[in-house]
Amino acid sequence: MKRVDELKTKIFADGADKTGMLEMYAKPYIKGLTTNPTLMRKAGISDYKSFCKDILLSIQDKPLSFEVFSDEFEEMERQALEISSWADNVYVKIPITNTRSQPSYDLIAKLSANRVKVNVTALMSLTQVRDVISVLNPEVPSYVSIFAGRIADTGRDPLPIIAAAIEMLKMLPNSELIWASPRELLNIFQADAIGCHIITVTNDILKKLVLVGYDLELFSLDTVKMFHNDALQAGYSL
């Protein structure tokens, strides 16, 4: 099994808790960070702009993605241009459609033509990947983010989709594929095995990296001890 520092897939930390984000940013194996409005709301963030600009004071040398939150393309464009202006390491997350299922391709094309680094998010099909690739500026860095974990939630294997998307992106050397919404630590190694460029991982999964390569019999014993100690602490009797 590979060590974390041997992985070719770049690990991006996904979160919205400032302490957790800075903790992960400090780790050399974390190559970038992402967040989204859902994570920010869960973290209790009420002032979007202040939070983002505050984080950027500390994170200046690794890519950091922030998402637009309007449902109207004209306002999405305004938000994207402002977010992009905050720092050179900022990527702007643009959802593949709005909530009315209207595709964002025209907006993505316009932003990419204006040299905005976009992170096109919430993709789940190869048709979407194909259509995004067709509008990206090949000279501008960008991310294409497939929600592999959500694909798996439907009972489908995301690996063939990710593998096919990697091949499709070869025509855009400045664009990278993101394996988003992983469900377990194993996904990091699966992403690396098929050559996915990036995987975004939440802190709760990243904390399991200490277990990589751990002896399975020792892990089995740890599990037995956990059950026994919990039963004792609960005061169970028969």
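Worth saying up front: this structure is predicted, and the values here are computed from it rather than measured. If you read the sequence from its start, that first residue is 1, and numbering goes on from there.
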Derivation and outcome, side-chain contact (heavy atoms from CB on, under 4.5 Å), residues L169 and I133: CA-CA 7 Å; L169 256 73; I133 287 174; 3.3 Å; yes
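- Atom CG of L22 and atom CE of M24 lie 11.5 Å apart (nearest 0.5 Å).
- Within the 4.5 Å cutoff, side-chain heavy atoms of D153 are placed close to those of R183.
- A donor-acceptor contact shorter than 3.5 Å is absent between the side chain of S112 and the backbone of I108.
- Between E184 and K208, no side-chain nitrogen of the basic residue sits less than 4.0 Å from a carboxylate oxygen of the acidic one, so the salt-bridge criterion is not met.
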Report the C-alpha distance between Q190 and N187 in whole Å, list the side-chain angles of each, state the deciding distance to 0.1 Å, and finish with yes or no for side-chain hydrogen bond (donor to acceptor under 3.5 Å, both in side chains). CA-CA 5 Å; Q190 291 174 319; N187 295 153; 2.8 Å; yes
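- Counting heavy atoms from C-beta outward, N114 and L111 have side chains that stay 4.5 Å or more apart.
- Between the CD1 atom in I161 and the CE atom in M124 there is a gap of 10.0 Å [rounded to 0.5 Å].
- You'll find the side chain of W86 stays beyond 4.5 Å of the side chain of I55, heavy atoms only.
- Checked against the 6.0 Å centroid criterion, the rings of F12 and Y143 qualify as a close aromatic pair.
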Output, in order, the C-alpha distance, side-chain angles, deciding distance and verdict of side-chain contact (heavy atoms from CB on, under 4.5 Å) for L206 and I30. CA-CA 10 Å; L206 287 171; I30 297 298; 4.0 Å; yes
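- Looking only at side-chain heavy atoms (C-beta outward), N98 and M76 come within less than 4.5 Å of each other.
- At least one donor-acceptor pair under 3.5 Å links the side chain of D71 to the backbone N or O of T99.
- Here the CG-OG distance, from L136 to S142, works out to 4.0 Å after rounding to the nearest 0.5 Å.
- Under the 4.5 Å side-chain criterion, counting only non-hydrogen atoms from C-beta, F66 is not in contact with K49.
- Residues I194 and T9 are not in side-chain contact: their nearest non-hydrogen atoms beyond the backbone lie 4.5 Å or more apart.
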Could you walk me through whether E23 and K18 pass salt bridge (Lys or Arg N to Asp or Glu O under 4.0 Å), step by step? CA-CA 8 Å; E23 176 187 350; K18 181 180 178 181; over 6 Å; no
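- Within 6.0 Å of CD on E217 lie no more than 12 heavy atoms contributed by other residues, nucleotides or ligands.
- Heavy atoms of other residues, nucleotides or ligands lying less than 6.0 angstrom from CG of L57 number more than 12.
- When atom types are taken as modelled, the side chain of K8 and the backbone of C196 share no donor-acceptor pair closer than 3.5 angstrom.
- D204 and T202 form a side-chain donor-acceptor contact under 3.5 Å, judged by distance and modelled atom types alone.
- Minimum heavy-atom separation, I162 to L177: O-CD2, 3.7 Å.
- Between V132 and S104 there is no side-chain heavy-atom pair separated by less than 4.5 Å.
- Side-chain heavy atoms closer than 4.5 Å link hydrophobic residues (I, L, V, M, F, W, Y) into clusters, and following such links, possibly through other members, connects V118 to M168.
- For the 3.5 Å distance criterion, the side chains of D222 and Y214 qualify, holding a donor opposite an acceptor.
- Applying the side chain to side chain contact (heavy atoms under 4.5 Å, CB included) criterion to R78, with sequence neighbours excluded, gives E75, E82.
- Smallest separation of non-hydrogen atoms from G15 and M21: O-SD, 3.6 Å.
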Is there a side-chain contact (heavy atoms from CB on, under 4.5 Å) between D17 and N203 once you walk through the steps? CA-CA 10 Å; D17 169 69; N203 284 8; 5.6 Å; no
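- The environment of K2 atom NZ is dense: over 12 non-hydrogen atoms of other residues, nucleotides or ligands sit within 6.0 angstrom.
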side-chain contact (heavy atoms from CB on, under 4.5 Å), that's the test. Do L7 and D5 meet it? Break it down for me. CA-CA 6 Å; L7 296 172; D5 59 1; over 6 Å; no
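- In the hydrophobic cluster analysis, where Ile, Leu, Val, Met, Phe, Trp and Tyr join through side-chain heavy atoms closer than 4.5 angstrom, I199 is grouped together with L64.
- Hydrophobic clustering, with ILVMFWY side chains joined whenever heavy atoms are under 4.5 angstrom apart, groups W179 together with I96.
- Looking at S145, its side chain never comes within 3.5 Å of a backbone N or O of T121 through a donor-acceptor pair.
- Criterion: ILVMFWY side-chain heavy atoms under 4.5 Å apart, direct or through other members. Under it, I45 and V90 are part of a common hydrophobic cluster.
- Between N89 and K62, the closest side-chain pair of non-hydrogen atoms is not below 4.5 Å.
- Side-chain N or O atoms of E6 include one that pairs as donor or acceptor with a backbone N or O of R3 at under 3.5 Å.
- At a threshold of 4.0 Å, the pair K117-D88 does not count as salt-bridged, since none of the basic side-chain nitrogens sits closer than that to a carboxylate oxygen.
- The side chain to side chain contact (heavy atoms under 4.5 Å, CB included) search around P37 returns E67, F69, not counting sequence neighbours.
- Grouping the Ile, Leu, Val, Met, Phe, Trp and Tyr side chains by contacts below 4.5 angstrom, directly or via other members, places L218 apart from M1.
- Counting heavy atoms of neighbouring residues, nucleotides and ligands inside a 6.0 Å radius, atom CZ of R41 does not exceed 12 of them.
- The structure places CZ of R156 at 10.5 Å from OG of S125, a figure rounded to the nearest 0.5 Å.
- The line from CZ of F51 to OG of S46 is 11.0 Å long, rounded to the nearest 0.5 Å.
- Atom CD1 of I94 sits about 9.5 Å away from atom CD of E77, to the nearest 0.5 Å.
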